[in-house]
Amino acid sequence: MASSKGKMKLEDFDEDETMEELERFDDFTLASSWERFISEIEAICRLWLADGPKNLVGKGASPLGFPKNLYKVKSQLKYGTKSYCLEYYFKTESGKNVEWTDDSHTLQLSFGVKEFLVISPLSASGVVLDAPEASKLLSSLAIALSNCDSVWPAFVPVHDPSRQAYIGIQNLGTVFTRRFEADRIGSQVPIKLMHLEGLYELFVSKFSYSTVEYTTTVAKVQFTMKLTYRTPPHEDDDDSAQVREPMESEENSEGKTQGRTQWDDDCPWTEWYSAENPIKGFELITIWLSKKVESSLEMAELENASLYAADKCFLQPILSPYIGNTIGFASQLRLLVDALGVSYGAQFLEDFVSVENPTSDNLKSSAAVPPPTVLDRVLKDLFPEGAQDVDYVKGEHKNSRAIKGAPLESLFAQFCLHSLWFGSCNIRAIAVLWIEFVREVRWCWEESQLLPRMVSSGSIDLSTCLIHQKLQMLSICIEKKSNSIKDLHKENEEKFDSLRTKQTHGLETSNEDFKTSQQGRRGSSGFAGSMMLLNSCQRMHAPYTQDAPLMTEDMHEERLHALQAFGNAFSFSGQLEKDVLSSDMSAFKAANPDAVFEDFIRWHSPGDWEDDNVNVKGKAREGATDGSAQSDWPPHGKLSKRMSEGGNSWRQIWNSSPALPVSEQKLLLDPNQEGEKILHYLETLRPHQLLGQMVSTAFRASIDTISQTSYGGLKQMEKKIEQLYITISSALKPLQASNSSDKIELIDDLKRLCLVFEHIEKLLTFAASIHRSFLDAPRLSEAIFSQFFSFYLPRMGKGLIEKENVKDFNVKEQVRASERQVILDLFPTPTSNQSWRKVLSMGNLLNGHEPLLREIIFSAYDTMSGGHYESSSPWGSSEEIETHRMYICGTSNDLHVALSVTSCD
């Protein structure tokens, strides 16, 4: 009691105000603890009802994540000595419940409800084990919800947690009450309940009406079913093996997997590694929509229905949990980039080889080198015995040449790919392999053996890396060492033998005339058109000349620097150009003994001969129209200004050049000298120069390899590969610079490039797997890949897909009727050793395979008029309500049953 000093007096208020205030108070002095408990539940529910779903989300309701758009709020209560948690589950979007959607909570699917309450004890088990306690909790919820005028269903978890059992209640106005009950048989499911016929009889046994009412209700039973099948595992599937990695430590280098057949044996990357199949299988979901059934016989027929009888079919791939942890080109390229970062710390590759060298102290533990047997195996693969046909264009992507590396099939590209898998691709292992590689190259040089995987003819491809250019030049030098220029001249003589009687511009001469004109001449390939020598009435002869010597990129740069240093392109920049011009002059003199310097200029550099533009008797300047060569002789013209200047270097070379055919000349390209220069370059290459070219070539070879993957022309994949070529080309350009400004930034950029490569590599692996799964149903592969692409793309910039969020990929693709045969092929008939399972399995077998999960909903309806509910119907005379609903979910070893019954109270 309050003191009299602080006590309020009724006379202080008006009578109406007093009564209003008193009505606001609940007198709990005589209320029991149970009544207070009900009042507390009621107060919480009123708050939640007043707020509504949108406001509750704004106030911090917890999203469940799965199902989507489902939220939960909770509040704690006490009843006696026990504490309870009251939870309200709701969706932010209202709408009709659609059966068999993945966007449903277990209780929503079990009982067909939308929003609901759950009250459970705050204990380790979270369930109510005492039956009276469970009944009291349910009664409390029912009374509180009735006081709130709420039709929320409420549930209490009961029994052992493993049974997933519930009891529940829902007030449907003042007349009807809906009661819920769910339980589970965890083992020893009766054989009768493994089949649709027995489950149907279980449902109709719950009817408790008279014979007439029973018959009427049975006639209105609706049936719908969802069957989930999982494709059987392939023989090469091994769930215990996470990632198959090359066992180089066990002398199995090159990343080539030995032993059993793998899913990707015919994929282009399998020469180097075996990828884990990103798709472990498929789940097939078949749905039979609402159908009226009147007897167990109909259920027996449904149990034997084929896949084609299902109303809808959906297919969902099962992703491997290791999809984000695969050894591939990207992971090895990252190691090669690390080696590039280390390479800047030494002058010579030999510094990394010896573990006793102070430079490599930090490499002793991490830079292991494979044993000699592995090294020998790699070298034998790089330098096979016997000649090989090399086609650099074969398999080349249209964007390959944008990357300054080496062609995929070339010797250096294959060296780089082997380096990725040699040991752990550390700098020491690379140094050991490179030194042995150069030794093998020198052996080929000294023994005049053509280099394998190299083209020894044609021009030097300056779009490739310098090492490949050097090896191509060396291959040409080896070939020239074994073929003298005399042999080449004889070959040319034979080649032109058939053309000796025919000259250009339609002029002809007899073999006798040609032989007469050849007297005193050497090295002539035939008449030089209709041109005449200035000092004699002789036809000009075109000589055989040596081919211009091939040059690598660095040789061209040296030539350019020399030209810039001299400042005059007409002044010769080096001995090579002088030698080329002298060779041509000597050959011209040998073929034209009566020639003068002006004759050579007219043949070799027509731009430096200026015609007088005067026709003699209206005839052509260089030949008569009647075929008479003597009629227009001598030609009228003069040398250009630069050729007529005093001290002209060309005239000096002409005067000093002897008359020698190419068969007697010194070779312009000395193969011995040039070959030794190339070997010196390879043997003294700085570590960072080697690693820089290796990184570029390894990226190009890696993407050229995987781009040959067959993935059915998926447009999104094709676009991503083209984008990757452009990205690689742009990111590698700083490596081509002689001096990189910021090496740390360069390495970081290359590591980011490795991550981009890894994402595309994983997308491509998925594309290859889904394509080969549906060769005869390309629409399915395109649709599923598109869904995976949309799922994976937002995660590409946020690291790898981890094991825990692989389950988020649960998008299903509907199977068309024309594609169902392809789906059936995914379920081969079980072998004789597996067929015994049919005896103890439930029905609805698919090619002999039991469903992974079977879900069934039975529903019975009754009309409000003229039936059991007529006297108390608040809806009128023709309304139908669902009186019974049973949800059955499980397999032959596990059965969950949920029943809801609507009654008139």
Between the side chains of [X] and [Y], is a donor N or O closer than 3.5 angstrom to an acceptor N or O?
X: Gln787; Y: Glu813; result: yes
X: Ser859; Y: Glu882; result: yes
X: Glu115; Y: Tyr88; result: yes
X: Gln222; Y: Ser290; result: yes

I need the [X] [atom1] to [Y] [atom2] distance, nearest 0.5 Å.
X: Asp51; Y: Arg46; atom1: CG; atom2: CZ; answer: 14.0 Å
X: Asn171; Y: Ser150; atom1: CG; atom2: OG; answer: 8.5 Å
X: Gln821; Y: Asp776; atom1: CD; atom2: CG; answer: 10.0 Å

Is it true that a side-chain atom of [X] and a backbone atom of [Y] form a donor plus acceptor pair closer than 3.5 Å?
X: Asp894; Y: Thr891; result: no
X: Arg820; Y: Leu307; result: yes
X: Ser769; Y: Phe766; result: no
X: Ser39; Y: Glu35; result: no
X: Trp263; Y: Ala275; result: yes
X: Glu301; Y: Glu298; result: no

Next on the checklist: Any non-hydrogen side-chain atom of Ile888 less than 4.5 Å from a side-chain atom of Leu199?
Outcome noted: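 They are in side-chain contact.
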Item to check | Tyr71 side chain near Leu56 side chain, heavy-atom distance below 4.5 Å | outcome: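 The answer is no, as the side chains (C-beta and beyond) never meet within the 4.5 Å cut-off.
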Next on the checklist: With a 4.0 Å cut-off on N to O distance, would you call Glu133 and Lys82 a salt bridge?
Outcome noted: yes
Item to check | Result of checking Phe116, Phe90, Phe111 against His105 for ring pair (Phe, Tyr, Trp, His ring centres under 6.0 Å) | outcome: Phe116
Looking only at non-hydrogen atoms, find the nearest pair between [X] and [Y] and report the distance.
X: Val189; Y: Met194; answer: O-CE, 3.5 Å
X: Gln76; Y: Glu40; answer: O-OE2, 4.1 Å
X: Leu289; Y: Asp311; answer: N-OD2, 2.7 Å

Return the orientation label for the [X] and [Y] ring planes: parallel under 30°, perpendicular over 60°, tilted otherwise.
X: Phe827; Y: Tyr229; result: perpendicular
X: Phe155; Y: Phe180; result: tilted
X: Phe203; Y: Phe207; result: perpendicular

Checklist outcome for this item: Applying ring pair (Phe, Tyr, Trp, His ring centres under 6.0 Å) to His771 and not counting sequence neighbours gives none
Checklist entry - Ring centres of Phe774 and Phe282 under 6.0 Å apart? => result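 Ring centres of Phe282 and Phe774 closer than 6.0 Å.
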Donor-acceptor pairs under 3.5 angstrom involving side-chain atoms of residues 136-148: please list them, not counting sequence neighbours.
| from | atom 1 | to | atom 2 | distance (Å) |
| --- | --- | --- | --- | --- |
| Lys136 | NZ | Tyr79 | OH | 3.4 |
| Ser139 | OG | Ser135 | O | 2.9 |
| Ser140 | OG | Trp34 | NE1 | 2.6 |
| Ser140 | OG | Lys136 | O | 2.8 |
| Asn147 | ND2 | Glu42 | OE1 | 3.2 |
| Asn147 | ND2 | Ile143 | O | 3.3 |

